[in-house]
Structure formats: structure tokens, C-alpha cells
Amino acid sequence: MVNAATSETVYEPVPYWAKLPHPMMFKEATSVAVDSNDNVYVFNRGNHPVIIFDKEGNFLETWGEGEFVRPHGITIDADDNLFLADDDAHMVEKRTKEGKLLFRMGEKGKAAAWQEGDPFNRPTHVAIQPDTGDLFISDGYGNSRVHRFDSEGKHISSWGSPGSREGQFSLPHNIAMNGSDKVTVADRENFRLQTFTTDGEFVKQIHSHRPIAITNGKGADTNLYVAEAGPPPVQEGVKRLGRRVVVMDREGNEVTRFGNELGGEGHDQFIAPHAMAVDSEGSVYVAEVSYTAFGSQQDPVREVASLRKWKRVSG
């Protein structure tokens with residue numbers, strides 16, 4: 001296990017990392033997670049919803065065909081079980097790494113009332129408390145809420161409401177543990193990260209450019225990794241407005257960042273970062289909804305890069 005990144009840490013993109021067998025395709029890789037063996041699980045919107053690679057990008061396995069509506073978020077627990085958030089199915093499932101369903105939170109295909117706070121209306125992501133196994137779920141597109149469940153999927157509590165004040169949300173898109181007693185939420189359309197106790201008490205907020213993804217380092221790496229979405233159309237083409245990864249400490253102080261100053265299809269660029277994972281070597285995997293943001297708007301419509309690996313090469 002590596003130590004936390006510093007201002008001296010260098011990351012480099014790994015071109016053509018994922019060796020995806022023909023004729024498989026991601027369409028777009030919406031989320032990514034790494035297990036205890038550094039195998040990489042890609043939750044995607046192609047015909048093979050869960051595709052698994054080793055850390056060198058070699059294809060290992062796939063499962064889940066026909067079982068999901070719209071893949072959105074994936075998280076792996078200490079036992080290498082998966083938590084899969086399907087936003088349009090309004091559910092979060094716990095599955096083994098082989099794909100066996102262990103339990104489901106939410107009724108598949110049945111949404112809770114829009115923006116009224118009950119689980120779920122288009123949930124997005126799961127964070128797992130390391131000591132208790134409690135689950136913190138951001139909910140999401142059709143709610144402005146964080147829900148806490150126990151390790152068996154029983155609802156404990158919820159907090160949040162629509163708005164821009166402390167403790168309110170405008171699309172809580174991703175969530176991560178911040179130590180063992182706090183969680184940090186990517187409050188995307190409020191351009192901020194909000195940190196709470198695990199009981200939902202507001203702690204602090206910091207500005208971030210449309211924070212869309214947040215994840216933890218592994219082991220001794222106590223940093224948080226935040227991916228920022230791109231600018232609104234009126235600012236398209238302006239440098240240094242999102243489409244990058246920011247590495248920060250648990251207080252929100254920036255340690256370093258990587259990604260080109262402009263978005264694009266280059267190996268060092270991002271189109272639409274959406275989710276992230278970090279492996280035991282400190283390398284970072286970024287999943288992008290690049291088909292929705294870019295590929296679907298091309299003539300002809302085409303799939304574009306949606307999964308990138310940035311290798312931690314020094315520091």
C-alpha cells in the first residue's frame with residue numbers, strides 16, 4: 001500500500017489500458033471500483049453491465065446482462081461484495097463479485113415521490129462505513145437526500161432537502177467516507193463538497209467546480225479524490241473549468257491535480273468524468289459518461305473513450 005499523495009506526486013495517463021474483447025463495448029463506463037486484488041470492475045451502459053479487468057487491463061469476466069436499467073454507481077466493500085446503484089431502476093443492489101444478488105434496497109422500477117425525501121428516486125452512489133458496514137447512499141437525481149442503512153440494508157435515517165444552504169442539496173451525485181466518522185458529499189449543482197457526521201450533522205463545505213465524483217485512497221492513503229465535471233455550454237472551451245481530478249486531504253485542502261486544462265479525446269484529457277476508484281498502488285481509474293456528453297452528439301453518433309487509467313508513477 002502506498003502513502004497519501006503529496007504535491008510531489010506524479011500521475012501519467014495509460015493509453016489504451018482496457019483490453020476490451022471484440023465485440024464488447026462500454027457504450028459509456030458510468031462507474032468503476034477496485035477490489036482487494038486490484039481487479040477493476042466497470043459498471044457500464046453497454047450490453048455487458050459489469051466488466052472485470054485485472055490491473056494491467058486484461059479482460060477477466062463479465063456478468064449482469066439484462067439485469068439493470070441504467071447503471072450509475074458501483075462501490076466495493078471489504079469483503080469484495082459490490083453495491084450497485086441503478087438510478088432509473090430506483091434501487092441499490094448488493095451482489096457478490098461473481099454477480100449473485102444478496103439483497104436489494106428499493107423496489108425495482110418503482111420510484112419514491114419526486115423530491116419528497118423517501119428512498120429512492122434515482123439513487124446515485126454508495127459509501128461504506130469501514131467499522132460497522134453502514135451504507136450511506138446519495139439520492140440523487142430525483143431527490144436531494146442522503147440515506148443511511150445498516151449493513152443488512154435496513155433504513156436507519158435520512159437527511160437533506162432541496163436548496164443551496166448548509167445541509168441542502170442540488171443533486172448529491174457521489175458520496176465518500178471522510179475518515180470513519182464523517183461523510184463528504186459531491187453536491188454537484190451547488191458547486192461544493194459538503195461534509196457531515198455519520199448522523200447527518202453539517203460539518204463544513206468547500207467550493208469545487210461541479211464536483212461529480214468522490215472516492216477514497218486505499219490503506220495509508222487518506223486523501224480524497226474528486227473529479228470535476230465540465231463547464232456549462234456558455235463557458236465551453238474556457239481553460240481550467242473542471243474536467244480534472246483534484247487530490248485533497250480530508251479537510252479539503254488541495255494536494256495536487258491532474259488532467260489537461262481543456263477537455264477532449266486526448267489521453268491526458270477528460271470529456272465527462274463521472275466516477276472514480278483508486279487501487280493499492282495509488283493509480284486512479286476514471287469512468288466517464290462521454291457518450292451522453294459528447295459521442296451521442298456527433299455525426300455519425302459514435303462511442304468515445306469512457307474509461308481511463310492514470311498511473312501513479314512517483315511521489
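Excluded from the calculations below are hydrogen atoms, water molecules and symmetry mates; all remaining heavy atoms, backbone and side chain alike, are included.
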When rounded to the nearest 0.5 angstrom, what is the spacing between [atom1] in [X] and [atom2] in [Y]?
| X | Y | atom1 | atom2 | answer |
| --- | --- | --- | --- | --- |
| T198 | Q129 | OG1 | CD | 6.5 Å |
| H147 | S158 | NE2 | OG | 4.5 Å |
| E189 | S144 | CD | OG | 11.0 Å |
| K110 | M91 | NZ | CE | 15.5 Å |
| E288 | Q269 | CD | CD | 10.0 Å |
| L135 | M105 | CG | CE | 5.0 Å |

Do [X] and [Y] come close enough that some side-chain heavy atom pair is under 4.5 Å?
| X | Y | value |
| --- | --- | --- |
| K55 | E281 | yes |
| P119 | F149 | yes |
| R45 | T292 | yes |
| V238 | P231 | no |
| V245 | W310 | no |
| D87 | F120 | no |
| M248 | L193 | yes |

Criterion side chain to side chain contact (heavy atoms under 4.5 Å, CB included) on V34 and I76, from CA distance to verdict: CA-CA 7 Å; V34 177; I76 293 184; 5.7 Å; no
Spell out, yes or no, whether [X] and [Y] are grouped together once hydrophobic residues are joined by side-chain heavy atoms under 4.5 Å, including indirect joins.
| X | Y | value |
| --- | --- | --- |
| Y291 | F294 | no |
| F270 | L224 | no |
| I137 | W159 | no |
| I74 | I214 | no |
| F196 | M177 | yes |

Answer yes or no: is there an ion pair linking [X] with [Y], defined by an N-O contact shorter than 4.0 Å?
| X | Y | value |
| --- | --- | --- |
| R70 | D86 | no |
| R244 | E254 | no |
| R192 | D187 | yes |
| R148 | D199 | yes |
| R95 | E93 | yes |
| E56 | K19 | no |
| K204 | E251 | yes |
| E261 | R240 | yes |

Can you establish whether the number of heavy atoms outside [X] located under 6.0 Å from its atom [atom1] is more than 12?
| X | atom1 | value |
| --- | --- | --- |
| Q297 | CD | yes |
| N47 | CG | no |
| R302 | CZ | yes |

Mind checking salt bridge (charged side-chain N to carboxylate O under 4.0 Å, His left out) for R243 and listing every partner two or more places apart, or none if nothing turns up?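 Scan of R243 (salt bridge (charged side-chain N to carboxylate O under 4.0 Å, His left out), adjacent residues dropped) gives E236.
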Under 3.5 Å: donor-acceptor pair, side chain of [X], backbone of [Y]:
| X | Y | value |
| --- | --- | --- |
| S283 | R312 | yes |
| Q115 | P162 | no |
| T195 | V203 | no |
| D80 | S36 | yes |
| D54 | N37 | no |
| E228 | R210 | no |
| H207 | F191 | yes |
| W63 | K100 | no |
| T75 | V126 | yes |
| R308 | V286 | no |

For F43 and F68, take the angle between the two ring planes, folded into 0 to 90°, and tell me which bin it lands in: parallel under 30, tilted 30 to 60, perpendicular over 60.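 Aromatic pair F43/F68 classed perpendicular.
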Anything under 30° is parallel, anything over 60° is perpendicular, the rest tilted; go ahead and classify Y11 against F258.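 Rings of Y11 and F258: tilted, 30 to 60°.
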Begin from the C-alpha positions of D249 and N223 and carry the test side chain to side chain contact (heavy atoms under 4.5 Å, CB included) through to its verdict. CA-CA 5 Å; D249 65 22; N223 285 327; 4.1 Å; yes
Ring centers of H72, H173 separated by less than 6.0 Å: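 Yes - the distance between ring centres of H72 and H173 falls below the 6.0 Å cut-off.
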Minimum-distance pair of heavy atoms, taken over all atoms of [X] and [Y]:
| X | Y | value |
| --- | --- | --- |
| S280 | D38 | OG-OD2, 2.6 Å |
| A227 | P273 | CB-CB, 4.0 Å |
| A287 | A29 | CB-O, 3.0 Å |
| L307 | A18 | CD2-CB, 4.1 Å |
| D77 | K94 | OD2-CE, 4.0 Å |
| N44 | P71 | O-CG, 3.1 Å |

Could you give all pairs that pass the ring-ring contact (aromatic ring centres under 6.0 Å, His included) test and reach residues 90-114, with sequence neighbours left out?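 Listed once each, the pairs would be none.
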Start with the C-alpha distance between N121 and N143, add both sets of side-chain angles, then the distance that settles side chain to side chain donor-acceptor pair (under 3.5 Å), and finish with yes or no. CA-CA 6 Å; N121 195 308; N143 256 327; over 6 Å; no
Audit row: F26, V42, side chain to side chain contact (heavy atoms under 4.5 Å, CB included) steps and yes/no: CA-CA 9 Å; F26 294 133; V42 183; 3.8 Å; yes
Taking it one step at a time, do D88 and R122 satisfy salt bridge (charged side-chain N to carboxylate O under 4.0 Å, His left out)? CA-CA 6 Å; D88 276 358; R122 305 190 68 197; 3.1 Å; yes
Linking directly or through intermediates, with side-chain heavy atoms under 4.5 Å: list the remaining ILVMFWY members grouped with Y141, chain and number order.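 ILVMFWY cluster around Y141 also holds L171.
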Before you tell me yes or no, could you show the steps for V185 and F136 under side chain to side chain contact (heavy atoms under 4.5 Å, CB included), namely the whole-Å CA-CA distance, both residues' side-chain angles and the distance that decides it to 0.1 Å? CA-CA 10 Å; V185 181; F136 297 86; over 6 Å; no
